[in-house]
Amino acid sequence: MTFADFGAAAVAVVLALVPAAIALFALHSATSALRLEERLGRGGYRAVAAVIGTATGVAFLGLTWAFAGANYLKPRCLAFGDPEYATVFEEQAEPVRSDGLMLDAGSPPPAWAASLLGPGRFAFYSVAAVDGRAASRMPADAAGTARAILRVRRSSARPNLWLRLGTDRFEVFDAVTRMRLAIGSELWVDAGPVRYRCGIASGPAPVRSRDYPPGDGVFAFVRRAVLPPGAAGGD
């Protein structure tokens, strides 16, 4: 353990002490009003008080741990949560048009890949070759060409003993020119059993969720750089 680990733990304990103390004082007042000590006897009353006090302390410490994780993630959401597009900087006049996507995100495809397909969306995505195997297309009978590549790379780091930070980095490329059209991230932090995330799929502020939320976040990110069949134009 490093001094940073001890410091983070000390802050969490101090933050947990105040609400826990208030809760314990409230419980003490309630037990006094109900005269539990007289009803249970001194030994029984002390046993019940010890159990309640321990449970309260553990609960508030866990809540503070989760709160610390969300606050650790928040400035990173502000710094990296918004995607960037080539069209914004006039490197490219308009989004690329493509029937489908070449998906370079590992195999099998992540669950969020399903949001790329459907009416008004892309006709198919092709899975990039993994371990030398040939690329596969979904659905198999789809026709068209993939003019764009969606590449996703995952990384994780442990800033201290109590938190783990993870990032999925999304990049969209023109398959012909290899120019990068867009870049965005989905970030999360694990604080004990709790995970908070933010980014192109979860939104700009930390939300509590272990998995990618259902919705159109990834598709909306890609669509600003790559127009699916039948799209009227860029945003």
Open item on the list: Pair Leu150, Tyr125 - check side-chain contact (heavy atoms from CB on, under 4.5 Å), show working.
Closed with: CA-CA 10 Å; Leu150 175 59; Tyr125 62 76; over 6 Å; no
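- The minimum heavy-atom distance linking Asp190 with Arg195 is given by the pair OD1-NE, 2.6 Å.
- Both Leu101 and Val152 belong to a single network of hydrophobic side chains, linked directly or stepwise wherever heavy atoms of I, L, V, M, F, W or Y lie under 4.5 Å apart.
- Listed by chain and residue number, Arg154, Tyr212 satisfy the side-chain hydrogen bond (donor to acceptor under 3.5 Å, both in side chains) test with Asp168 (two or more places apart in sequence, or in another chain).
- Remark: of the listed residues Arg97, Arg147, Arg180, Arg147 is the sole one forming a salt bridge (Lys or Arg N to Asp or Glu O under 4.0 Å) with Asp174.
- Distance check, rounded to the nearest 0.5 Å: CZ of Phe170 to CD1 of Ile200 gives 4.5 Å.
- Across Val226 and Phe122, no two heavy atoms sit closer than the pair O-CZ, 3.6 Å.
- Scanning for side-chain hydrogen bond (donor to acceptor under 3.5 Å, both in side chains) contacts around Arg164 gives an empty result, with sequence neighbours left out.
- In the hydrophobic cluster analysis, where Ile, Leu, Val, Met, Phe, Trp and Tyr join through side-chain heavy atoms closer than 4.5 angstrom, Val194 is grouped together with Leu73.
- The ring of Phe221 has its center no closer than 6.0 angstrom to the ring center of Trp112.
- A search for side-chain hydrogen bond (donor to acceptor under 3.5 Å, both in side chains) contacts involving Arg169 returns nothing, not counting sequence neighbours.
- A heavy-atom distance below 4.5 Å is not found between the side chains of Val189 and Arg76.
- When all heavy atoms of Gly106 and Val127 are compared, the pair lying nearest together is O-CG1, 4.1 Å.
- Ion pairing between Asp216 and Arg121 holds under the 4.0 Å rule for side-chain N and carboxylate O.
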- [ ] Could you go through the side-chain contact (heavy atoms from CB on, under 4.5 Å) check for Arg224 and Leu181 one step at a time?
- [x] CA-CA 9 Å; Arg224 284 193 60 185; Leu181 306 176; over 6 Å; no
Side-chain donor-acceptor pairs of residues 203-210 under 3.5 Å, sequence neighbours excluded:
from, atom 1, to, atom 2, distance (Å)
Ser209, OG, Asp211, N, 3.4
Ser209, OG, Asp211, O, 2.6
Arg210, NH1, Pro193, O, 3.1

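- Annotation: Phe173, atom CZ; neighbour count of heavy atoms from other residues, nucleotides and ligands within 6.0 Å is above 12.
- Under the 4.5 Å side-chain heavy-atom criterion for grouping Ile, Leu, Val, Met, Phe, Trp and Tyr, Tyr72 is connected to Tyr196 within one hydrophobic cluster.
- Evaluation of the disulfide (SG to SG under 2.5 Å) test over residues 163-228, restricted to residues two or more places apart or in two chains, returns Cys77-Cys198.
- What you find for Ala182 and Tyr85 is that their closest heavy atoms are CB-CD2, 3.4 Å.
- With contacts defined as side-chain heavy-atom distances shorter than 4.5 Å, the pair Arg153/Asp104 qualifies.
- Shown here for Gly120 and Phe219, the closest heavy-atom pair between the two residues is O-CZ, 4.0 Å.
- In the hydrophobic cluster analysis, where Ile, Leu, Val, Met, Phe, Trp and Tyr join through side-chain heavy atoms closer than 4.5 angstrom, Ile183 is grouped apart from Met102.
- Grouping the Ile, Leu, Val, Met, Phe, Trp and Tyr side chains by contacts below 4.5 angstrom, directly or via other members, places Leu163 with Leu165.
- Taking the side-chain hydrogen bond (donor to acceptor under 3.5 Å, both in side chains) definition, one finds that Ser115 meets it with nothing, sequence neighbours left out.
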